[in-house]
Engineer: 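Okay, here's the structure, questions in a sec.
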Number of protein chains: 2
Amino acid sequence: MSHNTKDIHSIFSQYLSEQNLRMTTQRELILKTFCKQKKHVTAEQLYEILKKADPTIGHATVYRTMKLLTEAGIARELNFGEGSIRYEPDTSKEHHDHLVCVKCGENIEFLDEEIENLQKRVVSKYGYQLVDHSLNLYGICPKCQKG
Amino acid sequence: MSHNTKDIHSIFSQYLSEQNLRMTTQRELILKTFCKQKKHVTAEQLYEILKKADPTIGHATVYRTMKLLTEAGIARELNFGEGSIRYEPDTSKEHHDHLVCVKCGENIEFLDEEIENLQKRVVSKYGYQLVDHSLNLYGICPKCQKG
DNA sequence: TTGATATTGATAATGAGTTTCATTCGCTGT
DNA sequence: ACAGCGAATGAAACTCATTATCAATATCAA
Ligand SMILES: [Mn+2]
Ligand SMILES: [Mn+2]
Ligand SMILES: [Zn+2]
Ligand SMILES: [Zn+2]
């Protein structure tokens with residue numbers, strides 16, 4: 001269920017060759033750096049981190065590559081309504097949704113099988129074919145409730 | 001449970017006076033026009049509609065007013081990941097979530113009490129205090145499945 | 001090694017939304 | 001009706017995330 005870096009690298013390579021695209025040193029670096037992140041990062045945040053390893057890397061290349069990683073099923077886009085997209089690895093763990101603190105941004109990943117199943121029930125009730133879903137719960141974390 | 005236009009107007013008036021703000025002809029027109037909409041509109045779409053009634057109305061006024069209506073509890077912001085915010089009346093019906101067709105944008109409003117309750121269970125499990133939630137299901141509608 | 005073509009990074013452009021600011025408006029008291 | 005003051009407006013400039021353009025460069029199959 002969980003992939004190591006090598007697996008992910010070959011998943012990406014394969015995706016690229018299927019699309020007649022090429023593996024490059026920039027794409028390798030971005031993939032490696034992205035996978036190392038512990039938190040959900042925006043493209044801009046990742047760009048700042050990448051500049052330390054390669055100061056010549058381009059802004060647009062990071063955006064372009066994150067889009068490719070998403071298409072390849074390696075990254076998942078998260079929209080917490082902040083105005084920018086965050087990314088998380090999509091292959092390293094099971095699907096999950098997010099519980100986000102509106103004060104400090106801290107967030108918890110959860111998976112509720114019952115909710116997942118009920119979502120499927122809603123979708124089929126209306127004859128839709130499920131493609132994706134986005135469930136974000138917004139609240140105040142225990143720490144921020146005190147402060 | 002449901003409000004008519006007059007109710008909503010007085011809700012807005014009251015909110016404005018509480019905040020030491022003023023009712024204006026622009027705000028009245030925007031409120032009236034917004035409430036007439038059958039679909040979820042973006043501020044930009046509403047601006048285009050409003051220009052027909054008042055060609056002098058300003059872009060910024062529409063954005064500013066939609067924000068006020070949201071604060072007043074009259075409008076609700078929806079984020080379907082399209083890059084812009086849509087608005088729907090928040091007082092005219094019960095809370096609901098959305099099932100959106102990724103092909104044509106058609107969307108269905110649904111309310112699943114079981115899902116709502118399970119969400120509360122998740123939030124309290126982690127000691128958070130629920131503020132809001134956003135559940136969007138993305139799929140392909142029956143019509144688009146054929147095409 | 002070569003050549004076709006994909007990729008890159010600098011830069012300009014886009015699009016949603018916000019800020020600024022001089023002018024106008026709404027409201028309260030006269 | 002009138003004055004005065006702060007709030008509101010519209011035009012235009014601005015911000016911020018993201019995308020498009022394009023000349024120079026890198027990749028890879030032959
Ligand atoms: Mn996550
Ligand atoms: Mn709705
Ligand atoms: Zn917090
Ligand atoms: Zn459809």
Side-chain angles (χ1 to χ4, degrees), chain A residues 9-10 12-31 33-34 40-72 75 77-87 105, chain B residues 9-10 12-34 40-72 75 77-87:
Chain A
H9 187 281
S10 46
F12 193 31
S13 291
Q14 188 180 336
Y15 175 79
L16 291 173
S17 75
E18 279 168 13
Q19 307 290 315
N20 291 317
L21 304 177
R22 295 165 183 174
M23 180 55 87
T24 64
T25 54
Q26 288 90 339
R27 285 175 180 168
E28 281 183 329
L29 177 64
I30 293 168
L31 174 63
T33 307
F34 169 62
H40 311 126
V41 288
T42 65
E44 204 59 37
Q45 288 173 337
L46 194 57
Y47 170 63
E48 291 302 323
I49 294 164
L50 284 158
K51 275 203 298 195
K52 291 170 193 160
D54 175 5
T56 73
I57 201 153
H59 186 251
T61 302
V62 180
Y63 279 90
R64 285 188 284 235
T65 303
M66 291 317 296
K67 187 145 277 193
L68 283 174
L69 291 176
T70 303
E71 289 161 18
E77 296 186 346
L78 304 177
N79 188 336
F80 294 156
E82 300 165 305
S84 55
I85 293 171
R86 291 184 178 275
Y87 291 92
Chain B
H9 187 281
S10 47
F12 193 32
S13 291
Q14 188 179 337
Y15 174 79
L16 291 173
S17 76
E18 278 167 14
Q19 308 290 315
N20 290 316
L21 305 177
R22 293 165 184 174
M23 180 57 85
T24 65
T25 54
Q26 288 90 339
R27 286 174 180 169
E28 280 183 329
L29 177 64
I30 293 168
L31 174 62
K32 194 181 75 182
T33 307
F34 169 62
H40 311 126
V41 288
T42 64
E44 206 59 38
Q45 289 173 336
L46 195 57
Y47 170 63
E48 290 303 323
I49 294 164
L50 284 158
K51 275 203 297 196
K52 290 170 193 160
D54 175 5
T56 72
I57 201 153
H59 185 257
T61 303
V62 179
Y63 278 91
R64 285 188 283 234
T65 303
M66 290 318 295
K67 187 145 277 193
L68 283 174
L69 291 176
T70 303
E71 289 161 18
E77 297 186 346
L78 304 177
N79 189 336
F80 294 156
E82 301 165 305
S84 55
I85 293 171
R86 291 183 178 275
Y87 291 92

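Each chain gets a letter, A, B and so on, in the order the sequences are listed, and its residues count up from 1. The basis for the numbers below is simple: all heavy atoms, side chains too, and nothing from hydrogens, waters or symmetry mates.
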Engineer: Once side chain to side chain contact (heavy atoms under 4.5 Å, CB included) is applied, do any residues pair with Thr70(B), and if so which ones, sequence neighbours excluded?
Structural biologist: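 Once residues adjacent in sequence are excluded, the partners of Thr70(B) under the side chain to side chain contact (heavy atoms under 4.5 Å, CB included) criterion are Ala75(B), Glu77(B), Tyr87(B).
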Engineer: Name all residues meeting the side-chain hydrogen bond (donor to acceptor under 3.5 Å, both in side chains) criterion together with Tyr63(A); count only those two or more places apart in sequence or in a different chain, and write none if there are none.
Structural biologist: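 Once residues adjacent in sequence are excluded, the partners of Tyr63(A) under the side-chain hydrogen bond (donor to acceptor under 3.5 Å, both in side chains) criterion are Glu44(A).
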Engineer: Can you check the Ile30(B) CD1 to dA8(D) P distance for me, whole Å?
Structural biologist: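 The answer, rounded to whole Å, is 12 Å.
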Engineer: Report the distance from atom CD of Glu82(A) to atom C1' of dG17(C), rounded to the nearest whole Å.
Structural biologist: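 That distance rounds to 16 Å.
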Engineer: Using a cut-off of 4.0 Å between protein heavy atoms and nucleotide atoms, how would you tag nucleotides 19-30 of chain D 5' to 3' with B, S and -?
Structural biologist: BBB----BBS--
Engineer: List the residues meeting side chain to side chain contact (heavy atoms under 4.5 Å, CB included) with Asp54(A), not counting sequence neighbours, and say none if there are none.
Structural biologist: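 Residues passing side chain to side chain contact (heavy atoms under 4.5 Å, CB included) with Asp54(A): Leu29(A), Thr56(A), Ile57(A).
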Engineer: What's the separation between atom CG in Leu31(A) and atom OG in Ser13(A), rounded to the nearest 0.5 Å?
Structural biologist: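 Reported value, rounded in 0.5 Å steps: 8.5 Å.
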Engineer: Can you pull out how bent the helix from dT1(C)-dA30(D) to dT30(C)-dA1(D) is, comparing the axes over its first five and last five pairs, to 10°?
Structural biologist: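 The angle separating the two end axes equals 30°.
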Engineer: Just to verify, what does Gln45(B) make a side chain to side chain contact (heavy atoms under 4.5 Å, CB included) with, not counting sequence neighbours?
Structural biologist: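 Partners of Gln45(B) under the side chain to side chain contact (heavy atoms under 4.5 Å, CB included) test: Val41(B), Thr42(B), Arg86(B).
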Engineer: Not counting sequence neighbours, which residues clear ring-ring contact (aromatic ring centres under 6.0 Å, His included) with Phe12(B)? List them please.
Structural biologist: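 Residues passing ring-ring contact (aromatic ring centres under 6.0 Å, His included) with Phe12(B): none at all.
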Engineer: Find the distance Arg27(B):CZ to dA8(D):P and express it as a whole number of Å.
Structural biologist: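 Value for this atom pair: 4 Å.
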Engineer: Identify, with sequence neighbours excluded, every residue that meets ring-ring contact (aromatic ring centres under 6.0 Å, His included) alongside Tyr47(A).
Structural biologist: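 Result, ring-ring contact (aromatic ring centres under 6.0 Å, His included) vs Tyr47(A): His59(A).
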Engineer: Measure the distance from CG on Leu68(B) to C1' on dT9(D) and round it to the nearest whole Å.
Structural biologist: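 Atom-to-atom, Leu68(B) to dT9(D), this comes out as 13 Å.
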Engineer: Give every residue pair that meets the side chain to side chain donor-acceptor pair (under 3.5 Å) criterion with at least one member in residues 19-30 of chain A, sequence neighbours excluded.
Structural biologist: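 Passing the test, one end in residues 19-30 of chain A: His9(A)-Glu28(A).
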Engineer: Quick one: on DNA chain D, does Ile57(B) or Arg86(A) contact a more 5' nucleotide (nearest heavy atom)?
Structural biologist: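 Upstream on the strand: Ile57(B).
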Engineer: Would you mind reading off the distance between Asn20(A) atom CG and dT7(C) atom P, rounded to a whole angstrom?
Structural biologist: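 Interatomic distance, CG of Asn20(A) to P of dT7(C): 9 Å.
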Engineer: Taking atom C1' of dT7(C) as reference, at what distance in whole Å does atom CG of Leu16(A) sit?
Structural biologist: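 Between C1' of dT7(C) and CG of Leu16(A): 11 Å.
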Engineer: Residues in side-chain hydrogen bond (donor to acceptor under 3.5 Å, both in side chains) with Glu48(B), at least two apart?
Structural biologist: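 Here no residue qualifies.
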Engineer: Give a yes or no on this: more than 12 heavy atoms of other residues, nucleotides or ligands lie within 6.0 Å of atom CD of Glu82(B).
Structural biologist: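 Atom CD in Glu82(B) is packed in, count exceeds 12.
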Engineer: For DNA chain D, find the residues of residues 40-47 of chain B with a heavy-atom distance under 4.0 Å and give them by number; none if there aren't any.
Structural biologist: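 Correct list: empty, so none.
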Engineer: Can you identify which nucleotide, out of dG9(C), dG17(C), dA8(D), has its nearest atom closest to the Thr61(A) side chain?
Structural biologist: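 The nucleotide sitting nearest to the side chain is dG9(C).
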Engineer: Under the rule for salt bridge (charged side-chain N to carboxylate O under 4.0 Å, His left out), what residues qualify as partners of Glu71(B), not counting sequence neighbours?
Structural biologist: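 Per chain and number, Glu71(B) pairs via salt bridge (charged side-chain N to carboxylate O under 4.0 Å, His left out) with no residue.
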Engineer: What is the separation between atom CD on Glu48(B) and atom C1' on dG15(C), rounded to the nearest whole Å?
Structural biologist: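 For the pair Glu48(B) CD and dG15(C) C1', the rounded distance is 14 Å.
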